[in-house]
Amino acid sequence: MTVVDLAAPAVAVAMAAVFTGAVAQAVTGFGFSLVSAPFLVLLLGPLHAVRLVNLLALFFNVVMLVREHKGVDLGNVARLLAPALVVAPVAAYVVHSTDPALLSIVVGLTVLACALLLASGRRAERLRGPGGMVAAGAASAAMNTTSGVGGPTVAMYALNAGWPTEMSRPTFQAYFLGLNLLSFVSLGPVSLQPVPAALLAAAIVGGYVAGVTALHRLDAVTVGKAVIALAMAGGVAAVVRGIVDM
């Protein structure tokens, strides 16, 4: 198992990134990886960062489900995970055989594309029904394994399918729990030293509490715009890092 070593300044940056991502996901149902992944790529490089994002996201999914598990639609979770079981191992092979600098660029561009897609607010009629669910699950698994960001395609599917918020939020967490576990196993395990692990866990819990507290006070549209802006900044930074390292 790979043990990721983070110096004190890097831990501080990582804590800020995962705290902000946790707030975003607590409010909107997704956004943890979209915000935190590109910044962790800057700190650790793409391979370790994606694996760490999957691990941290697993913990966050559990935290959310402890409180919101009653609204989970297990049927939709299973239907989204079915194509992911096939796609994730293939995507992991691509990750391990790709140059890190190029992978950093791919991660950054993926985040940017997702952020722009979400910012457009567009709906796609083809992303409905069983075919749309298979496509969303497959695309989500590929993106989650290669870049740590698997939420936007599933969010788009839920939007087009008309999922109510009270069902989509917990169902997302149950799906992401399975997806992050699958990506984590496919890519290979990674761990943190005890102190950084405890600090990042505290930042995640703090972000969730802050997000839940603010849930009925904040304008979801405003929060969504902030998430997209942060993600785009991180995506650009990841692309620049990849170009510099090539």
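We number each residue from 1, following the sequence as shown.
- Val134 and Leu74 end up in different hydrophobic clusters when Ile, Leu, Val, Met, Phe, Trp and Tyr side chains are linked at under 4.5 Å.
- Of the inter-residue distances, the one linking Thr171 atom OG1 with Glu68 atom CD reads 10.5 Å to the nearest 0.5 angstrom.
- Note on ring orientation: taking the six-membered ring where Trp is involved, the planes of Phe60 and Phe32 are parallel (angle under 30°, cut-offs 30° and 60°).
- Residue Gln25 holds its CD atom at 4.5 Å from CD of Gln173, rounded to the nearest 0.5 Å.
- Partner of Asn144 under the side-chain contact (heavy atoms from CB on, under 4.5 Å) criterion, chosen from Asn54, Leu182, Leu187: Asn54.
- Side-chain N or O atoms of His48 include none that pairs as donor or acceptor with a backbone N or O of Leu44 at under 3.5 Å.
- Pairing each heavy atom of Ser191 with each of Leu55, the nearest pair is CA-CD2, 4.4 Å.
- Between Ser33 and Val53, the shortest heavy-atom contact is OG-CG1, 3.3 Å.
- Distance check: Ser140 OG to Tyr175 OH gives 3.0 Å after rounding to the nearest 0.5 Å.
- The same ILVMFWY cluster, assembled from side-chain heavy atoms under 4.5 Å apart, contains both Leu52 and Val13.
- Among all heavy-atom pairs drawn from Leu65 and Pro170, the shortest one is CD2-O, 3.7 Å.
- Atom CZ of residue Arg169 and atom CE of residue Met64 lie 4.0 Å apart, to the nearest 0.5 angstrom.
- Closest of all the heavy-atom pairs between Ala203 and Met15 is CB-O, 3.7 Å.
- When hydrophobic clusters are built by joining Ile, Leu, Val, Met, Phe, Trp and Tyr residues whose side-chain heavy atoms come closer than 4.5 Å, directly or via intermediates, Leu181 is grouped together with Val62.
- The CE atom of Met167 sits 8.5 Å away from the CZ atom of Phe172 when rounded to the nearest 0.5 Å.
- Evaluated for a side-chain contact (heavy atoms from CB on, under 4.5 Å) with Asn180, the options Thr145, Leu56, Asn61, Val185 yield exactly one hit, Asn61.
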List, one per line, each side-chain donor-acceptor pair under 3.5 Å for residues 75-92, sequence neighbours excluded.
residue : atom : partner : partner atom : Å
Asn76   : OD1  : Arg79   : NH2          : 3.2
Asn76   : ND2  : Asp73   : OD2          : 3.2

For this session: Tell me, with the steps shown, if Leu109 and Ile105 meet side-chain contact (heavy atoms from CB on, under 4.5 Å).
Result: CA-CA 6 Å; Leu109 290 177; Ile105 294 173; 3.8 Å; yes
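- Note that the CD1 atom of Ile204 and the CG atom of Leu199 stand 11.5 Å from one another [nearest 0.5 Å].
- Of all the heavy atoms in Ala14 and Leu40, the pair that sits closest is CB-CD2, 3.7 Å.
- Every side chain to side chain contact (heavy atoms under 4.5 Å, CB included) that Val209 has, sequence neighbours left out, goes to Val205, Thr213.
- Contact record, Ala26 with Gly207: CB-O, 4.5 Å, taken as the closest heavy-atom pair.
- Cluster annotation: Phe59 is connected to Val195 through the hydrophobic network of ILVMFWY side chains, with a link wherever side-chain heavy atoms come within less than 4.5 Å.
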Problem set entry | Worked check of side-chain hydrogen bond (donor to acceptor under 3.5 Å, both in side chains) between Ser186 and Tyr93 | CA-CA 8 Å; Ser186 298; Tyr93 173 79; over 6 Å; no
